[in-house]
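Atoms within a ligand are numbered from 1 in the order they appear, just like the ligands themselves.
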Amino acid sequence: MIGTDVARAAQLLGDGKLVAIPTETVYGLAANALDPEAVAEIYHVKNRPEFNPLILHISSAADAAKYVTDIPELAKKLMDAFWPGSLSILLPKSNLVPDIITAGSSHVVLRVPNHWKALELLQQLDYPLAAPSANISNTVSPTTAQHVEEGLGSQISYVLDGGECTVGLESTIVAIEPDGVRILREGGISQEQILQIEGVKLLENELTDIQSPGQLKKHYSTIKPLYIVESISDYLEKNPNDKCSALLYEDIQVNCTSYLLSQDYNLAEIANNLFATMRKADADENDIILIEKVKEEGIGRAVADRLRRAGTARI
Ligand code: TXA
Ligand code: MG
C-alpha cells in the first residue's frame with residue numbers, strides 16, 4: 001500500500017516489517033538494520049544473493065561514529081561536503097553492525113540520504129535503516145512509489161511516497177584509503193565533484209567484484225533486449241524490419257518510436273529520467289530498445305555504467 005504517513009512507516013519498521021522509503025537517488029527497501037531477522041527479509045523479498053551487502057542509512061554524520069571504528073580526516077571532509085547527499089562511504093564497521101548487513105565483511109557502507117521525508121523518518125528512529133534499491137535484484141531500480149508498488153507491492157506492507165526521486169540513479173560508493181579515495185560505484189556524485197574538495201585524490205580504479213560485490217555485470221535489466229549502438233539511425237537503416245524504441249539524449253528525429261531523456265543532452269536530466277524511461281520502453285509494443293553511447297563526463301559516467309549493466313550487446 002502506498003501512503004505518505006511517516007509515523008506509520010516508523011511503527012511498521014519498529015515491528016520488524018519492511019517499508020519502502022523515498023530517497024533522492026532511488027527508492028529503498030528499508031528495515032531496522034540492527035534487527036538481523038528483518039534484514040534477512042530484505043534479501044528474501046529482493047531475491048538478493050546473500051554475499052551482496054547493504055548500505056546503512058543514518059540521519060546525520062553525527063550518527064556515523066556509532067557504526068564505524070574510525071573516521072579518517074578524508075572521510076570527514078567528504079561527509080562535510082556531500083551529506084546529506086548521494087555519496088556512500090565505506091568504513092571499518094563497529095560491533096553494533098550485524099554481519100548480515102555487510103555480508104560478513106569487516107567494512108560497512110554509510111549514507112545520509114538527501115530527502116526530507118527519509119530524514120524525518122530516520123530522525124524518529126533510534127536505529128539506522130538498511131536499504132537496498134526497492135526492486136527485485138537485477139531489474140530496473142524504482143524512482144517513484146508506483147514503480148515500487150508494481151514490483152514489490154504484494155510483498156511489503158507500506159511504500160512511503162516521497163514523490164519522484166530527484167537524482168534518479170543510485171549513490172556513488174567510495175572507499176577511503178591512506179592515500180586517497182577509490183570509487184567503487186559511479187553514481188549521483190561525480191568524480192569531478194569529489195575532486196573539487198581540497199586535498200582529495202582519486203585513486204586509479206582496479207574495480208573487482210570483491211570490492212563491491214553488488215557490481216555484478218548483469219544488472220538493471222530491462223525485459224526486452226537493450227542495445228547500445230553507435231548510431232540509432234544507422235541501426236534502423238540496416239535493420240528495417242526490427243520493431244524498435246529509441247531512448248534519445250536530445251530532441252532529434254528518428255524513424256521509430258522514441259522517448260526523450262532530455263531536450264538538449266543535459267546529463268543530470270538524462271540520469272534522472274533513465275530508469276523511468278527504460279520502464280516505459282519496456283512496456284510498449286516494440287521488441288528492442290536502442291540507445292547510443294553517452295558522453296562519459298560528470299554524472300554521464302554513472303549513466304554509462306548503468307547502461308553497460310543493462311545492455312544486451314554493443315553493436
Ligand atoms: O542510492 C543508493 O545507494 C540506494 C538508496 C536506496 O540509498 N541504495 C542502493 O543500494 O543502491 P543497493 O543495495 O541497491 O546497492 C548497494 C551497493 C551494492 O553494489 C553493494 O554491493 C555495495 O553497495 N555495498 C554495500 N555494502 C558494502 C560493503 N560493506 N562493501 C562493499 N560494497 C558494499
Ligand atoms: Mg540496487
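Atom numbering of ligand 1 starts at 1 in the shown order; those under 4.0 Å from a heavy atom of Ile173 are 17 (C), 22 (C), 23 (O). Below 4.0 Å from some heavy atom of Gly28 lie the following atoms of ligand 1, by number and element: 6 (C). Near Leu90, meaning under 4.0 Å from any of its heavy atoms, are these atoms of ligand 1: 28 (C), 29 (N), 30 (N). Close approach of ligand 1 to Ala131 is summarised as follows: ligand atoms under 4.0 Å from at least one heavy atom of the residue are 6 (C), 8 (N), 10 (O). Taking a cut-off of under 4.0 Å to the non-hydrogen atoms of Ser171, the atoms of ligand 1 that pass are 1 (O), 2 (C), 3 (O).
At a heavy-atom cutoff of 4.0 Å, ligand 1 is contacted by both the backbone and the side chain of Glu170. Only the side chain of Arg48 comes within 4.0 Å of ligand 1, counting heavy atoms alone; its backbone N, CA, C and O stay farther away.
Of the options Asn52, Leu91, Thr25, the smallest heavy-atom separation from atom 21 (O) of ligand 1 is shown by Asn52.
Side-chain polar atoms of Glu170 and Ser141 form a donor-acceptor pair below 3.5 angstrom. Defined by atom type and a distance below 3.5 Å, a donor-acceptor pair is missing between the side-chain atoms of Ser231 and Ser233. A donor atom on one side chain and an acceptor atom on the other are not found under 3.5 Å apart for Tyr27 and Asn135. No hydrogens or angles considered: a donor-acceptor pair under 3.5 Å links the side chains of Ser88 and Ser171. Side chain to side chain, Asn286 and Thr257 meet the donor-acceptor criterion of an N or O pair below 3.5 Å.
For Lys238, the NZ atom counts as loosely surrounded, since its 6.0 Å shell holds 12 or fewer non-hydrogen atoms of other residues, nucleotides or ligands.
Put simply, the side chain of His147 gets close to the backbone of Thr143: a donor and an acceptor are under 3.5 Å apart.
Close N/O approach between Ser133 and ligand 1 is found [any backbone or side-chain N/O within under 3.5 Å]. For the pair His57 and ligand 1, the shortest N or O to N or O distance falls below 3.5 Å. Note: no N/O pair closer than 3.5 Å links Tyr27 and ligand 1 by distance alone. Considering backbone and side-chain N/O of His107, one or more are found under 3.5 Å from N/O of ligand 1.
Residues Leu110 and Ile55 are not in side-chain contact: their nearest non-hydrogen atoms beyond the backbone lie 4.5 Å or more apart.
Residue Ser141 does not count as close to the Mg ion (ligand 2), with no N, O or S atom under 2.8 Å.
Residue contacts with ligand 1: Lys93 is excluded, as none of its non-hydrogen atoms falls under 4.0 Å.
Note: Met79 CE to Leu91 CG = 5.5 Å, rounded to the nearest 0.5 Å.
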